[in-house]
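Positions are given from 1 along the sequence.
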Amino acid sequence: MAIADDLKKTLTDPTPLYFAAGTADLAVQQAKKVPELIEQLRAEAPARIEAVKNTDPKAVQEAVTAKVAEVIGAIDPKKIGETAQDLALRGVGVAAEYAVRAKETYDKVAEHGEQAVRAWRGEVSEEIVDIAVVVEPRPEPTPEAKAEPADGAAAEEQQPAAKKPAARKSTAKKAVVTADDAS
């Protein structure tokens, strides 16, 4: 039964679809920047090409040779094992950090996608609905209700209970993603 529940939850979770919509929306935003970048590259390209043409290959070779000699001279054979173990542990830590960052980014893009889908549909966000419920004035009692005796039971039967619209629950975190965050 647990497998069926997990499968049902997985198949009804809209987060992957929101992630796809968010990715598409961010791609469109980035694509709009391409013409500016092309113009910038077109303007800077002649100067960069000229700088490469004027570079002396022997000077580059000497600089690379000196750097390689410096790195090789700094290697201590006794510390290679310790360094390898240290690097392996750091690698595990970095991998865990990247996994956390990937999940956070996934959630941000999914939230952006949910907002994009709402914008495409013309829906009002949940926050605005919640604010409207709080700000909306309560209905004034009718003159008949004011004339009733102070018996609370009779007044409650005539006054319909004010219903608050149920807010939809979202599985994604509430965060705003800008085009810079996702790139």
Side-chain angles (χ1 to χ4, degrees), residues 3-64 66-68 70-71 86-137 163-183:
I3 295 173
D5 290 341
D6 288 345
L7 187 59
K8 181 178 179 183
K9 181 180 177 184
T10 301
L11 294 175
T12 58
D13 183 17
T15 305
L17 298 175
Y18 286 142
F19 177 79
T23 302
D25 189 56
L26 291 172
V28 168
Q29 290 176 8
Q30 293 299 319
K32 290 178 181 178
K33 296 179 183 180
V34 170
E36 295 174 17
L37 293 173
I38 290 174
E39 286 301 319
Q40 181 182 0
L41 287 174
R42 187 176 290 155
E44 294 175 1
R48 290 183 180 199
I49 291 172
E50 195 62 34
V52 170
K53 284 182 181 178
N54 294 334
T55 303
D56 183 20
K58 289 183 181 182
V60 173
Q61 183 180 4
E62 289 173 4
V64 169
K67 191 65 174 176
V68 168
E70 179 184 328
V71 169
D86 185 45
L87 289 175
L89 290 174
R90 284 185 188 179
V92 170
V94 168
E97 181 181 346
Y98 283 152
V100 169
R101 284 185 184 176
K103 174 65 173 145
E104 290 173 354
T105 302
Y106 176 81
D107 291 340
K108 286 179 184 178
V109 173
E111 175 63 24
H112 180 82
E114 183 177 2
Q115 297 300 327
V117 167
R118 286 185 180 168
W120 297 338
R121 290 181 177 170
E123 292 180 7
V124 179
S125 73
E126 289 176 11
E127 292 82 15
I128 294 174
V129 172
D130 292 341
I131 291 170
V133 168
V134 172
V135 174
E136 189 174 279
K163 292 186 179 178
K164 181 179 175 183
R168 290 184 7 190
K169 298 290 181 187
S170 174
T171 58
K173 290 183 182 176
K174 299 293 180 190
V176 177
V177 176
T178 63
D180 296 332
D181 291 341
S183 57

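Between V109 and the options T15, D25, L26, a side-chain contact (heavy atoms from CB on, under 4.5 Å) holds for only L26.
The CD1 atom of I49 lies 12.0 Å from the CG atom of N54; values are rounded to the nearest 0.5 Å.
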Stepwise salt bridge (Lys or Arg N to Asp or Glu O under 4.0 Å) check, E62 with K58: CA-CA 6 Å; E62 289 173 4; K58 289 183 181 182; over 6 Å; no
Worked check of side chain to side chain contact (heavy atoms under 4.5 Å, CB included) between E114 and E111: CA-CA 5 Å; E114 183 177 2; E111 175 63 24; 3.4 Å; yes
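Residues R101 and E104 are not paired through a salt bridge, judged by the lack of any N-O separation under 4.0 Å between the basic side chain and the carboxylate.
Contact check for H112 versus Q115: no side-chain heavy atoms found under the 4.5 Å cut-off. Taking the side chain as every heavy atom from C-beta outward, D5 and K9 never approach each other to under 4.5 Å.
Under the side-chain hydrogen bond (donor to acceptor under 3.5 Å, both in side chains) criterion, E50 pairs with no residue at all, not counting sequence neighbours. Taking K67 as the reference, nothing meets the side-chain hydrogen bond (donor to acceptor under 3.5 Å, both in side chains) condition, with sequence neighbours excluded. Remark: Q40 pairs with E44 by the side-chain hydrogen bond (donor to acceptor under 3.5 Å, both in side chains) rule, at least two apart or across chains.
Scanning both residues, T55 and A51, for their nearest heavy atoms gives OG1-O, 2.7 Å.
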